[in-house]
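Note sheet for the following structure.
A quick note: this is a predicted structure, and the numbers were derived from the prediction, not measured.
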Amino acid sequence: MRRLVIVGTVAFDAIETPFGKTDKILGGAGTFIGLAASNFNLESSLVSVVGGDFPQRYLDLLSNRNIDISGIEVVKDGKTFFWSGKYHNDMNSRDTLVTELNVLANFQPIVPTAYKNAEVVMLGNLHPSVQMSVLSQMEKKPELSILDTMNFWMDCALDELMEVIAKIDVITINDEEARQLTGEYSLVVAARKIHEMGPKYVVIKKGEHGALLFHEDNVFFAPALPLEEVFDPTGAGDTFAGGFAGYLASTGDYSFENMKTAVIYGSTLASFCVEKFGTERMQNLSEKEIYKRLDEFKNLTQFEIELS
């Protein structure tokens, strides 16, 4: 069976939206990526760090989804990374209320030996030096390496970020970040500039407005599925990345045509993520539900036209 290495935060989140608020619940980029990728036929390992305050039931939840957790370091006398945020009424913007790095501040990732020759690596949103450390531990160059990042690292660790970008195959960022990274407003021009930095494929996420995939002169657009209610957008981008990476790792096909399908899978899984707070919706997602929603995506985007 094919293998996927995921590096990312496993954390506590406290969230407030117009629909309600939560106390500390399970969150973190690595968690959302892992839960999304677990819907595919592959073996995945999550590399992260938590404190002694992290409940065993959350680790069991990940294990029960066939996620290898031997790469999650538990610092017994430390506290788990914590983030708290409040979303505005439009659900597209939010204010960060609290960020406590805790054990993440000194995180040194260790890739489990059994996964050091995994076919695919998914580098979740972390400091570029941590992402580079994971790449350097791989015994051979992965068939596919995927990077997710954010504007924070562009502000405070741009040189290290550029070094990692030069070594990966696919980058996933949102439209605002693509513009900041390149200084270009046009996303087509921005994607071309990012190609020149190293990645063969560029995925630009546009939240409720879908996602764009760029490769050489090819462009593909996938809309977001219109939903009646969005309870919590936290983790939607990471869930997208997990679905995207999980599908590609399970198929081993990295062609542009298959990347298009991966974008659809990522968008489909992200549409489930936002329906409940935190990881709640992703914890018990069924294959039947996923296929039903994929069919809805197909009906949303498919049409016939005669061109004379």
Inspect the surroundings of [atom1] in [X] and state if more than 12 heavy atoms from other residues, nucleotides or ligands are less than 6.0 Å away.
| X | atom1 | result |
| --- | --- | --- |
| N41 | CG | no |
| D23 | CG | no |
| E287 | CD | no |

Heavy-atom closest contact ([X] atom, [Y] atom, distance):
| X | Y | value |
| --- | --- | --- |
| V47 | V111 | CG2-CA, 4.3 Å |
| G78 | V103 | CA-CG1, 3.7 Å |
| F214 | L187 | CZ-O, 3.9 Å |
| V263 | A211 | CG1-CB, 4.3 Å |
| P112 | S45 | CG-OG, 3.4 Å |
| L269 | G243 | CD1-CA, 3.5 Å |

I'd like to know if [Y] and [X] are part of one continuous hydrophobic network [Ile/Leu/Val/Met/Phe/Trp/Tyr, side-chain heavy atoms within less than 4.5 Å].
| X | Y | result |
| --- | --- | --- |
| I171 | F221 | yes |
| V130 | I110 | no |
| V189 | I194 | no |
| V98 | L26 | yes |

In plain terms, say whether [X] and [Y] are close enough for a salt bridge, that is, a side-chain N and a carboxylate O under 4.0 Å apart.
| X | Y | value |
| --- | --- | --- |
| R2 | E43 | no |
| R293 | E275 | yes |
| E119 | K140 | no |
| E257 | K260 | yes |
| R192 | D217 | no |
| E163 | K167 | no |

Using 0.5 Å steps for rounding, measure from the [atom1] atom of [X] to the [atom2] atom of [Y].
| X | Y | atom1 | atom2 | result |
| --- | --- | --- | --- | --- |
| L42 | N66 | CG | CG | 8.0 Å |
| H88 | E16 | NE2 | CD | 10.5 Å |
| S84 | I15 | OG | CD1 | 8.5 Å |
| Y291 | S286 | OH | OG | 11.0 Å |
| M132 | I165 | CE | CD1 | 10.0 Å |
| L46 | I33 | CG | CD1 | 8.5 Å |

Between the main-chain N or O of [Y] and the side-chain N or O of [X], is there a donor-acceptor pair closer than 3.5 Å?
| X | Y | answer |
| --- | --- | --- |
| S38 | L35 | yes |
| D238 | G235 | no |
| S48 | V10 | yes |
| N258 | Y254 | no |
| S136 | S133 | yes |
| D232 | G278 | yes |
| Q137 | P109 | yes |

Can you label the angle between the [X] ring and the [Y] ring as parallel, tilted or perpendicular, going by 30° and 60°?
| X | Y | value |
| --- | --- | --- |
| Y247 | Y265 | parallel |
| Y201 | H215 | parallel |
| F244 | F240 | parallel |

So, [X] versus [Y]: side-chain donor-acceptor pair below 3.5 Å or not?
| X | Y | value |
| --- | --- | --- |
| S70 | Y115 | no |
| H209 | D175 | no |
| S145 | D169 | yes |
| Q131 | N125 | no |
| D253 | T251 | no |
| T172 | D148 | yes |
| N174 | E177 | yes |

| task | Run the numbers on R65 and L62 for side chain to side chain contact (heavy atoms under 4.5 Å, CB included), then give the verdict. | result | CA-CA 5 Å; R65 292 300 299 249; L62 296 170; 5.9 Å; no

| request: Let me know which of T234, T9, T96, D13 forms a side-chain hydrogen bond (donor to acceptor under 3.5 Å, both in side chains) with W83. | output: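 Checked T234, T9, T96, D13 against W83; only one passes side-chain hydrogen bond (donor to acceptor under 3.5 Å, both in side chains): T96.
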
| request: Could you tell me whether F231 and F19 have their ring centroids closer than 6.0 angstrom? | output: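 Judged by ring-centre distance (under 6.0 Å), F231 and F19 do meet the cut-off.
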
| task | For residues F220 and F256, establish whether the separation of their ring centroids is below 6.0 Å. | result |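 Aromatic pair excluded; centres sit 6.0 Å or further apart.
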
| task | Would you sort out whether L294 and I264 count as a side chain to side chain contact (heavy atoms under 4.5 Å, CB included), showing the intermediate values? | result | CA-CA 8 Å; L294 281 169; I264 295 296; 3.8 Å; yes

| task | With side chain to side chain contact (heavy atoms under 4.5 Å, CB included) as the test, would you mind laying out the steps for R3 and N117 before giving the verdict? | result | CA-CA 8 Å; R3 287 160 300 165; N117 58 354; 2.8 Å; yes

| said: Within 45 degrees of the ring normal and closer than 6.0 Å to the centroid, is that where the cationic atom of R281 sits relative to F272? | reply: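 Checked: cation-pi criterion not met.
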
| request: Identify which one of L4, L248, V5 satisfies the side chain to side chain contact (heavy atoms under 4.5 Å, CB included) criterion when paired with V120. | output: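 Of L4, L248, V5, side chain to side chain contact (heavy atoms under 4.5 Å, CB included) with V120 is met by L4 alone.
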
